[in-house]
Amino acid sequence: MNKRKLASLEIKNDKIFVFPVLNFIDSLVQYHVSMDITRYQKFRLVVSGMIQERIERSYPGTQGSLFVEVYRTGDYFEIAVRDKGVPGWQDFSFDKNAITKNEQDLRNYLIDLYVDEVGLEKLGNEGQRVFLRIRIINPVEFIEPEPYEETVALDTNITIRPVKTAEDAIEAIRCIYSEYGYSYSYERLYYVNSFMQLIENKEIMSFLAVNDHGQTAGHFILAFSDFYKNMPEISTVVIKNEFRGLGLFSKFMTHCETVGKELGLRALMGQPVTFHPMSQKAFLRAGYTATSLLMSYINSDVESEYNKDGERLGLSVGVKILDENAYSRVYAPKEISGFVDRIYKRLGMKYDLCLDGEQEALTEMLFETNTTLKMSKIIVQKAGDGLEEELQQAIQDAIKQKSEMVELAINLNSPGCDYAYEIAKKHHFSLSGLIPGGENGDYLMMQMLPGESMNYDKLVVVGEFEELRNDIIAITKK
């Protein structure tokens with residue numbers, strides 16, 4: 001997520017600041033964001049409630065400072081309130097029958113209606129931060145075009161070139177549509193202007209595979225994120241039916257590695273679905289290491305040839321280190337130290353495996369829920385005092401909001417990783433693997449599927465991904 005701070009206002013815990021702050025936010029929206037006015041007015045109502053809530057509860061009986069922060073973050077417009085006052089407001093759930101009687105239930109009901117993402121970040125000594133996000137681009141509403149029809153490949157001499165023009169973007173969008181229709185979850189890829197803006201902002205690099213006759217054979221993207229810095233994901237890979245069987249997937253992988261080395265990237269990541277062994281094999285042949293299996297990760301609304309039964313799709317995660325000098329100090333949980341060690345050895349990355357980590361002084365944790373994708377994410381950067389209570393509250397909130405999948409990422413470079421792992425197990429999180437290689441840290445991945453068990457046996461995985469699954473099953477059955 002390419003986050004850009006538009007403004008930060010310091011205010012005191014006094015209600016007289018609410019309307020001046022809202023008016024200031026209004027002016028930022030008019031200048032920076034093109035948004036449907038009705039959608040924004042509803043969002044503004046919820047933002048007003050968030051600011052008032054923190055003003056009332058952050059510093060009871062005394063005076064203190066709060067910071068209202070405004071961000072433009074990729075697809076989203078974000079408003080956050082940060083303070084060092086009394087922790088609070090992590091439960092975003094509601095009882096629909098109580099919204100006319102209870103202020104908290106009404107506020108959370110409005111959040112569910114008018115907000116696309118909501119979350120809370122524990123910042124240790126810096127306090128806490130509550131944030132609300134609304135999609136800047138309205139949901140995709142396209143008139144259904146004529147069904148995609150295969151053509152005859154006039155030649156098979158394929159070249160890969162970057163998307164540079166609006167015409168290129170249109171070809172890329174057509175390619176994505178040929179696989180997903182209009183169900184692909186990243187909506188900005190369906191709009192030419194926003195597609196080009198993603199490229200200009202260096203949030204993605206987009207590539208077309210084209211033959212000598214100008215026919216588009218396929219498309220793929222390198223998607224960059226703040227969470228896995230300097231380790232983009234190879235995504236949105238589409239090969240049109242008439243060009244399959246030509247080894248294009250492997251050609252795409254090679255091209256990404258070439259580009260990655262030219263850019264000085266630390267690593268590359270691929271996430272092939274767990275029902276497509278051919279793509280898993282292609283990543284493994286290209287030198288990727290199987291590091292994680294993420295159950296039920298992709299929303300069941302995504303329509304593609306891999307998802308015909310309306311189930312959420314799982315992902316198999318592979319990582320390839322490009323930087324020969326990449327190094328990591330890893331505080332592996334004692335119970336799974338052998339598992340962690342095996343993955344790093346296969347990865348070929350320089351590392352030190354430490355088993356003497358201990359709980360840190362303070363907890364730093366992010367909790368957020370994406371209502372569109374029906375999933376919640378918890379990121380533990382530092383595991384210290386209050387972690388168990390914060391984790392338990394986040395789990396309860398995710399379940400109340402009917403999240404179908406809860407992901408927990410624990411920073412492996414934190415000495416408190418073992419402590420966090422034991423607490424997570426106690427609260428029914430299961431090991432999913434690791435995602436190492438990002439410049440901002442390596443992560444131990446755990447998951448919970450509310451109301452379901454983690455049935456790894458149903459995944460269709462091959463080669464090293466199958467070995468990884470067997471290791472995970474052996475650990476989780478102990």
Side-chain angles (χ1 to χ4, degrees), residues 124 225-233 265-271 283 287-294 315-366 377-384 387 391 407-426 429-447 464-465 467-476 478:
S225 74
D226 288 339
F227 189 43
Y228 302 115
K229 284 184 178 176
N230 216 16
M231 184 174 70
E233 177 195 348
L265 297 179
R266 183 180 172 93
L268 291 171
M269 176 170 56
Q271 297 188 356
F283 274 104
Y288 285 71
T289 297
T291 65
S292 189
L293 296 172
L294 301 173
L315 298 176
S316 50
V317 180
V319 171
K320 184 169 186 176
I321 303 296
L322 300 183
D323 181 1
E324 295 178 356
N325 297 315
Y327 165 80
S328 191
R329 185 176 181 84
V330 181
Y331 290 90
K334 296 178 183 66
E335 181 184 89
I336 59 169
S337 59
F339 171 78
V340 173
D341 193 43
R342 282 194 297 278
I343 289 179
Y344 274 93
K345 278 187 168 67
R346 290 172 179 170
L347 200 62
M349 180 176 172
K350 297 173 185 175
Y351 69 101
D352 283 323
L353 191 68
C354 305
L355 301 178
D356 57 351
E358 57 185 25
Q359 177 183 341
E360 301 198 60
L362 294 172
T363 291
E364 292 185 15
M365 188 183 97
L366 168 69
K377 175 178 284 190
I378 304 167
I379 302 168
V380 178
Q381 293 289 14
K382 292 184 179 180
L387 174 63
L391 184 62
E407 176 185 76
L408 172 62
I410 304 171
N411 194 327
L412 272 162
N413 307 128
S414 164
C417 184
D418 187 35
Y419 172 64
Y421 173 73
E422 292 299 329
I423 288 177
K425 279 201 310 171
K426 179 179 174 182
F429 278 91
S430 293
L431 176 69
S432 289
L434 319 176
I435 301 186
E439 200 169 72
N440 58 330
D442 301 345
Y443 290 91
L444 175 69
M445 307 304 293
M446 304 183 76
Q447 285 186 283
E464 202 174 278
F465 288 110
E467 294 174 28
L468 178 69
R469 179 186 65 182
N470 294 339
D471 284 346
I472 291 173
I473 291 173
I475 289 169
T476 54
K478 285 183 180 178

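When a residue number appears, it is its place in the shown sequence, counting from 1.
Other residues, nucleotides and ligands contribute at most 12 non-hydrogen atoms within 6.0 Å of the CD atom of Glu358. Counted within 6.0 Å of NZ on Lys320, heavy atoms from surrounding residues, nucleotides or ligands total more than 12; the atom is thus considered enclosed.
Pairing each heavy atom of Thr476 with each of Leu431, the nearest pair is CG2-N, 4.1 Å. Taking all atoms of both residues into account, the shortest heavy-atom contact from Leu444 to Pro333 is CD2-CG, 3.9 Å. Among all heavy-atom pairs drawn from Ala290 and Leu468, the shortest one is C-CD2, 4.0 Å. The two residues Gly124 and Glu364 make their nearest non-hydrogen contact at N-CG, 3.7 Å. Minimum interatomic distance between Cys417 and Ile410 (heavy atoms only, all atoms of both residues): SG-CG2, 3.8 Å. When all heavy atoms of Ser337 and Ala332 are compared, the closest pair comes out as CA-CB, 4.1 Å.
How far CD1 of Ile473 is from CG of Leu293: 9.0 Å, rounded to the nearest 0.5 Å. From Ile336, atom CD1 reaches atom CD1 of Ile475 across 6.0 Å, with rounding to the nearest 0.5 Å. Taken from OH in Tyr288 to CG in Leu347, the straight-line distance is 11.5 Å, to the nearest 0.5 Å. Expressed to the nearest 0.5 Å, how far CG of Leu294 lies from CD of Gln447 amounts to 5.0 Å. Here Met231 contributes atom CE and Ile435 contributes atom CD1; the two are 6.5 Å apart, rounded to the nearest 0.5 Å.
Residues Met445 and Val317 have side chains not in contact (no heavy-atom distance under 4.5 Å, counting atoms from C-beta outward). Side-chain atoms of Leu391 and Val380, non-hydrogen and from C-beta on, never get closer than 4.5 Å to each other. Annotation: side chain of Lys382 is not in contact with side chain of Leu362 (no heavy-atom distance under 4.5 Å). Here the side chains of Ser328 and Leu412 are not in contact, with every heavy-atom distance at 4.5 Å or above. Looking at heavy atoms from C-beta onward, Met446 lies in side-chain contact with Tyr421 at the 4.5 angstrom threshold. Looking only at side-chain heavy atoms (C-beta outward), Leu366 and Lys377 stay at 4.5 Å or farther from each other.
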**Asked** Can you check side-chain contact (heavy atoms from CB on, under 4.5 Å) on Met349 and Arg266, steps first, answer last?
**Response** CA-CA 11 Å; Met349 180 176 172; Arg266 183 180 172 93; 3.2 Å; yes
**Prompt:** How far apart are the C-alpha atoms of Arg329 and Cys354, what are their side-chain angles, what is the distance that settles it, and do they pass the side-chain contact (heavy atoms from CB on, under 4.5 Å) test?
**Reply:** CA-CA 7 Å; Arg329 185 176 181 84; Cys354 305; 3.4 Å; yes
**Criterion side-chain contact (heavy atoms from CB on, under 4.5 Å) on Lys345 and Tyr351, from CA distance to verdict** = CA-CA 9 Å; Lys345 278 187 168 67; Tyr351 69 101; 3.3 Å; yes
**Message:** Applying side-chain contact (heavy atoms from CB on, under 4.5 Å) to Val330 and Asp341, what does each step give before you reach the verdict?
**Reply:** CA-CA 9 Å; Val330 181; Asp341 193 43; over 6 Å; no
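Looking only at atom types and distance, the side chain of Asp442 has a donor-acceptor partner in the side chain of Tyr344 under 3.5 Å away. Side chains of Tyr331 and Asn411: no donor on one and acceptor on the other come within 3.5 Å.
Panel note: side chain Ser292, backbone Ser432; a donor-acceptor pair is recorded below 3.5 Å. Between the Glu439 side chain and the Lys229 main chain, no donor and acceptor come within less than 3.5 Å of each other. A donor-acceptor pair under 3.5 Å links the side-chain atoms of Thr363 to the main chain of Gly384, judged by distance alone.
Ring geometry for Tyr443 versus Phe227: interplanar angle of 30 to 60°, hence tilted.
Of the options Thr289, Thr291, Leu268, a side-chain contact (heavy atoms from CB on, under 4.5 Å) to Val319 is made by Thr291 and by none of the others.
Using a cutoff of 4.0 Å between basic side-chain nitrogens and carboxylate oxygens, Arg342 and Glu467 are not scored as salt-bridged.
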